[in-house]
2 protein chains.
Amino acid sequence: MKRHSKQRELIMKSLKKLDHPTAAEIHDDIKLEYPKISLGTVYRNLSELADSKIILRLPSSDGADRFDWNTDEHFHAHCTVCGKVFDLFGLLPREAVDSLDKAVEEHTGLSVSSREISFKGICKDCAKNKNFQ
Amino acid sequence: MKRHSKQRELIMKSLKKLDHPTAAEIHDDIKLEYPKISLGTVYRNLSELADSKIILRLPSSDGADRFDWNTDEHFHAHCTVCGKVFDLFGLLPREAVDSLDKAVEEHTGLSVSSREISFKGICKDCAKNKNFQ
DNA sequence: AGTGATAATAGGAACTATTACTATTTATAG
DNA sequence: CTATAAATAGTAATAGTTCCTATTATCACT
């Protein structure tokens, strides 16, 4: 990531527009105005941006990973039916997270570099539309 | 899961023996004494057992999912280098988890059915052996 | 502006974890 | 013992992601 590229610029723009999109969703969106962008380019840029902590990767156990342009400390809730992601700011104060990290390091000897704190359930819309079972 | 099977019995035995194994690790282990077991059978049984809450699925963002025979409420720390999983009992008391769920439901309208609270870092052994970078 | 070094891309092949399919085997109720 | 249908083995198929390579684009230095 030493050089600028039109593609990376479009990826950042799309990421901010789309609300926790997947790589494929970003790719589809960009193709509308720049049809020759490659899916591999989207994946590579998202991974590099996440590695550089410029964006956040939201790992998903079932479907595809999603991405978040907002790197302020916050957690997420995932709808298991439609995949939508909800932001949770200020749920766990910073001091609480720090003390959890410390407890983990004492119990396991593992030096914590990141946490994965997310909630799963069925969102209001999916519950209303009975999009499940 | 209405009928007993030799294969499911071996899967449970291997799961308890192996310390948070993946489906492939269980398959490899069982093949030693029962070579004709199919990997599909291992996956199907693990999924059914997890759906029935008899065992726990530990989703992994990078590699393969791991499984835990102990369904008591506890969280996990994952070494990002070797994949080893450490148990964390009593880190977050039940009441804390319940109140987090409640806060999430109030903020998002999503009805929480499960949480994913795990920590990532480099374990003592990998740090010592410099198995990284 | 021109040029050389090399970073980044497009497009497709390859890979990994997992699920689906189907003919065969096996468990178990009666 | 036998009929029914659950479970399996083996393989094909799928989804998400990474890898590979020839080509294109960026940018530091003229």
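Proteins come first, then strands; the chains are lettered A, B, ... in the order of their sequence lines, and each starts at number 1. Computed from a predicted model, the values in this text were never measured in an experiment.
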For this session: Give the rounded distance in Å between these two atoms: CG of A:D65 and P of D:dA15.
Result: 16 Å
Exercise. Is the phosphate of C:dT26, meaning OP1 or OP2, less than 4.0 Å from a side-chain N or O of B:Q7?
Worked result: no
Exercise. Which atom names give the shortest non-hydrogen contact between A:V85 and A:D19, and what distance separates them?
Worked result: O-OD2, 4.3 Å
Exercise. Near B:K84 NZ, under 6.0 Å, is it more than 12 heavy atoms from other residues, nucleotides or ligands?
Worked result: yes
Exercise. Would a 4.5 Å heavy-atom cut-off, applied to side chains only, mark A:E116 and A:P59 as touching?
Worked result: yes
Exercise. Just checking, any donor-acceptor pair under 3.5 angstrom between side chains of A:D29 and A:S14?
Worked result: yes
Exercise. So, is A:S47 near the phosphate of D:dT18, with a side-chain N or O under 4.0 Å from OP1 or OP2?
Worked result: yes
Exercise. Side chains of B:F67 and B:V42: does their closest heavy-atom pair fall under 4.5 Å?
Worked result: no
For this session: Using whole Å, report how far CD1 of A:I26 lies from P of D:dT17.
Result: 11 Å
Problem set entry | For atom CG of B:L46 and atom P of C:dA17, their distance in whole Å | 15 Å
Exercise. Among side-chain atoms of A:R8 and A:T41, is any donor-acceptor pair under 3.5 angstrom?
Worked result: no
Problem set entry | Atom-pair distance (NE2 on A:H27; P on D:dT17), nearest Å | 14 Å
Exercise. Regarding A:K31 and the six-membered ring of A:Y34, is the cationic atom NZ or CZ under 6.0 Å from the ring centre and inside 45° of its axis?
Worked result: no
Exercise. Rounded to whole angstrom units, what separation is found between the CD atom of A:E9 and the C1' atom of D:dT26?
Worked result: 13 Å
For nucleotides 27-30 of chain C, print each protein N/O atom paired with a nucleotide N/O atom at under 3.5 Å, atom names and distance only.
residue : atom : partner : partner atom : Å
C:dA27  : N3   : B:R3    : NH1          : 3.1
C:dT28  : OP1  : B:H4    : N            : 3.2

For this session: Looking at every strand, decide which applies to B:T22 at a 4.0 Å heavy-atom threshold: base, sugar-phosphate, or nothing.
Result: nothing
Seminar exercise, completed: In whole angstroms, the gap separating P of C:dT25 from CZ of B:R44 amounts to 16 Å
Seminar exercise, completed: When rounded to whole Å, the CD1 to C1' distance for the pair B:I11 and D:dA7 reads 11 Å
Exercise. Considering only D:dT17, C:dA8, C:dT18, which nucleotide approaches the side chain of A:Y43 most closely?
Worked result: D:dT17
Seminar exercise, completed: In this structure, NE2 of B:H74 is separated from CZ of B:F89 (nearest 0.5 Å) by 4.0 Å
Problem set entry | Spacing between B:D62 atom CG and C:dC15 atom C1', to the nearest angstrom | 15 Å
Exercise. Nearest to the side chain of A:A64 - D:dT8, D:dT17, C:dA8?
Worked result: D:dT17
Seminar exercise, completed: Expected list for residues 29-40 of chain A near DNA chain C, using heavy atoms below 4.0 Å, is A:Y34, A:K36, A:I37, A:S38
Exercise. Can you pull the side chain to side chain donor-acceptor pair (under 3.5 Å) pairs that have at least one residue in residues 88-112 of chain B, sequence neighbours excluded?
Worked result: B:D101-B:R115
